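Here's the structure, in structure tokens; my notes come after.
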Amino acid sequence: MKSDVSAPPNGLRVMTIATIVLTAIGFVLAMFVARTDVDQGDVQRLFYFHMPSFFGAFVAFIATVVGGVNYLRTRQNRWDTLALAGVEVGLVLAFINLLTGSVWARPIWNTWWTWDARLTSAAIMCLTYAAYLMLRSGIENPEKRRVFASVYGIVSITTAVLTLVIIRIVPNTIHPAVIGPSPQNAEGAFEFSQNVALALGPNFIIWGFLIPITLMWWRIRLQNRADVVQLRKIEALAEG
Amino acid sequence: MTTPLWRTVFSIIRKDLRAELRSRELVSTMVLFALLSVLVFSFALELDRTARQEVVNGILWVTLVFASILGLNRSLATERELGGMDAMMISPIPRMAIYLGKMVGNFLFVLVVGLVLLPIMTILYNMVLIQIPLIATLILGVFGLASIGTLLAAMTAQTRSRETLLPIAMLPVIIPLLLVVIAAASTVLKGDDAWNWIAVLGLVDAIYAALGLLLFEYVIED
């Protein structure tokens, strides 16, 4: 683990610049290049961020599972740091997902929020990971905190998977599906044309992978720095 | 030399049952709570005949979930306070056996609550709840609650805030289970065939039980 106070590594720099530039390009593609939807108008453009940000959250939560499993196996702190970064980044992306969905639903479904199966399960997913953070803060012993957080992070993925598959198993949802046929009662589905694919593809890679990975990397770095500070504090106290 | 898994599991279950038969602390608290909850719901929701049909499953399961949280908290906290957990940790038994023993015990206690509620709600709400598919749903649903609940309660019993943390940790995680349980139970009450849903419920149970078996040894180590 790095302990010196230095500039970010080159890989992280490249990733950060690439993410910022590509996010801007993706934004332009979604907002100006893709043509306006015939039925829904401009508000449909939110979709280009809505669905990719959910996948970004999912990727981050998968990172939490990977971190949790490896921490339990190896007991190296860096895996727990990865798990924590996954939860925090995933939560932010999940909130972006909820927010864009809510703004889109206002004109299309005529409501900010409805207790539809998928909306409910997405909200539950957010609450589960909020509970993860509460569980962490409730345990003082750092060793125990890491173990419990790993276990809870692994268990929590069930709610993310549920959110992913729920529109296929609950028949009366109004949430449209992007891949494959939408449910019978879905409201606000639109044709998956080349035009949509042009804006969705890049944004999917940017929001689904680049943004979560870059943010997690920064978060892990921050945590490592904080650990170093903690260590130095203890050393200083021991000397004084 | 470790004691064989099943013998250990059965002796832990026997210990829990004996303690419960002597104190009658856990089940009586849970049953009393459950009855109060059912009554509170029927006052709060001002149920008429049609409304009852739609919410009866919801009332049953919300009540069972909260009753199980009550029971799980006590079951694992007592084990810690009275040193039962330490005793089990130093005995030459597989860690998995502790999980299975505690889980089956909790399962049986909550199941008793459910089995008490079914006839009472049948009378109070004037609906036939004692049907084979509904009882199967009850057994599998309570099994799921106990399997994930025992894992989480073993963790939260060791935290600072204890009793308050279990519902926060448990409620979001059991939503998938609850969703399938309610779907199965509503299908039964509508008079349709619900065995598909009950099969899905079995799958959810299997996932929870696998998570519990795999992860429990990590949460009780010291």
Side-chain angles (χ1 to χ4, degrees), chain A residues 65 68-75 80 91 94 115-141 143-173, chain B residues 58 95 99 144 147-180 182-184 186-187 190 192 196-197 199-201 203-222:
Chain A
V65 174
V69 169
N70 279 310
Y71 180 76
L72 291 179
R73 275 188 22 220
T74 64
R75 302 297 157 126
D80 178 61
L91 257 181
W115 290 107
D116 177 69
R118 180 170 246 185
L119 276 66
T120 310
S121 79
I124 295 294
M125 181 182 82
C126 289
L127 291 178
T128 315
Y129 286 97
Y132 172 97
L133 295 177
M134 289 203 69
L135 181 74
R136 273 194 96 95
S137 63
I139 307 161
E140 270 157 27
N141 179 345
E143 175 80 13
K144 196 163 263 184
R145 182 197 305 140
R146 293 191 196 102
V147 172
F148 286 8
S150 300
V151 169
Y152 197 70
I154 296 169
V155 171
S156 304
I157 195 69
T158 51
T159 60
V161 174
L162 177 81
T163 309
L164 204 60
V165 300
I166 197 163
I167 48 173
R168 325 272 167 185
I169 57 173
V170 174
N172 57 353
T173 175
Chain B
R95 296 288 154 86
Y99 172 73
S147 53
I148 199 75
T150 304
L151 173 71
L152 295 177
M155 292 202 297
T156 54
Q158 300 174 53
T159 61
R160 207 173 358 151
S161 37
R162 287 200 178 179
E163 277 81 6
T164 45
L165 200 54
L166 182 62
I168 290 170
M170 186 165 158
L171 286 176
V173 175
I174 57 161
I175 295 293
L177 176 83
L178 220 50
L179 190 100
V180 180
I182 295 292
S186 313
T187 318
K190 270 187 218 139
D192 297 335
N196 278 341
W197 280 114
V200 177
L201 186 54
L203 183 74
V204 176
D205 278 2
I207 294 172
Y208 283 168
L211 284 172
L213 283 171
L214 288 173
L215 297 173
F216 189 76
E217 60 176 300
Y218 297 110
V219 305
I220 54 164
E221 67 189 13
D222 263 319

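On a predicted model such as this, the values are computed, not experimentally measured, just so you know. Numbers restart at 1 for each chain; the letters A, B, ... are given by sequence-line order, proteins then strands.
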Which heavy atom in A:Ala131 sits nearest to a heavy atom in B:Ala169, and how many Å separate them?
->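 Smallest heavy-atom distance, with atoms named: CB-CA, 4.4 Å.
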
Side chain to side chain donor-acceptor pair (under 3.5 Å) partners of residues 125-137 of chain A, not counting sequence neighbours, each pair once =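 For residues 125-137 of chain A, and leaving out neighbouring residues, the side chain to side chain donor-acceptor pair (under 3.5 Å) pairs sorted by first residue read A:Asp80-A:Arg136, A:Tyr132-A:Arg136.
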
Between [atom1] of [X] and [atom2] of [Y], what distance do you get to the nearest 0.5 Å?
{"X": "B:Ile148", "Y": "A:Thr158", "atom1": "CD1", "atom2": "OG1", "value": "6.5 Å"}
{"X": "A:Arg73", "Y": "B:Tyr218", "atom1": "CZ", "atom2": "OH", "value": "8.5 Å"}
{"X": "B:Leu215", "Y": "A:Phe148", "atom1": "CG", "atom2": "CZ", "value": "12.0 Å"}
{"X": "A:Thr159", "Y": "B:Ile174", "atom1": "OG1", "atom2": "CD1", "value": "12.5 Å"}

Need one label for [X]: side chain, backbone, both or neither, based on atoms under 4.5 Å from any heavy atom in chain B.
{"X": "A:Val147", "answer": "side chain"}
{"X": "A:Arg146", "answer": "neither"}
{"X": "A:Leu162", "answer": "side chain"}

Output, in order, the C-alpha distance, side-chain angles, deciding distance and verdict of side chain to side chain contact (heavy atoms under 4.5 Å, CB included) for B:Leu214 and A:Ile154.
-> CA-CA 11 Å; B:Leu214 288 173; A:Ile154 296 169; over 6 Å; no

Pairwise side-chain contact, A:Leu127 with B:Leu171, heavy-atom cut-off 4.5 Å (strictly under) =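 In short, these two side chains do not touch, never coming nearer than 4.5 Å.
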
Checking heavy atoms, do the side chain of B:Leu165, its backbone, both or neither come under 4.5 Å from chain A?
->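 Side chain only.
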
Tell me, please, which residues at least two apart from A:Asp116 pass side-chain contact (heavy atoms from CB on, under 4.5 Å).
->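 A:Asp116 satisfies side-chain contact (heavy atoms from CB on, under 4.5 Å) with A:Thr114, A:Arg118, A:Leu119, A:Thr173, A:Ile174, A:His175 only.
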
Max heavy-atom pair count under 4.5 Å with chain A, selected residue of B:Thr156, B:Leu211, B:Ile207, B:Ile175 =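 Heavy-atom pairs under 4.5 Å are most numerous for B:Ile175.
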
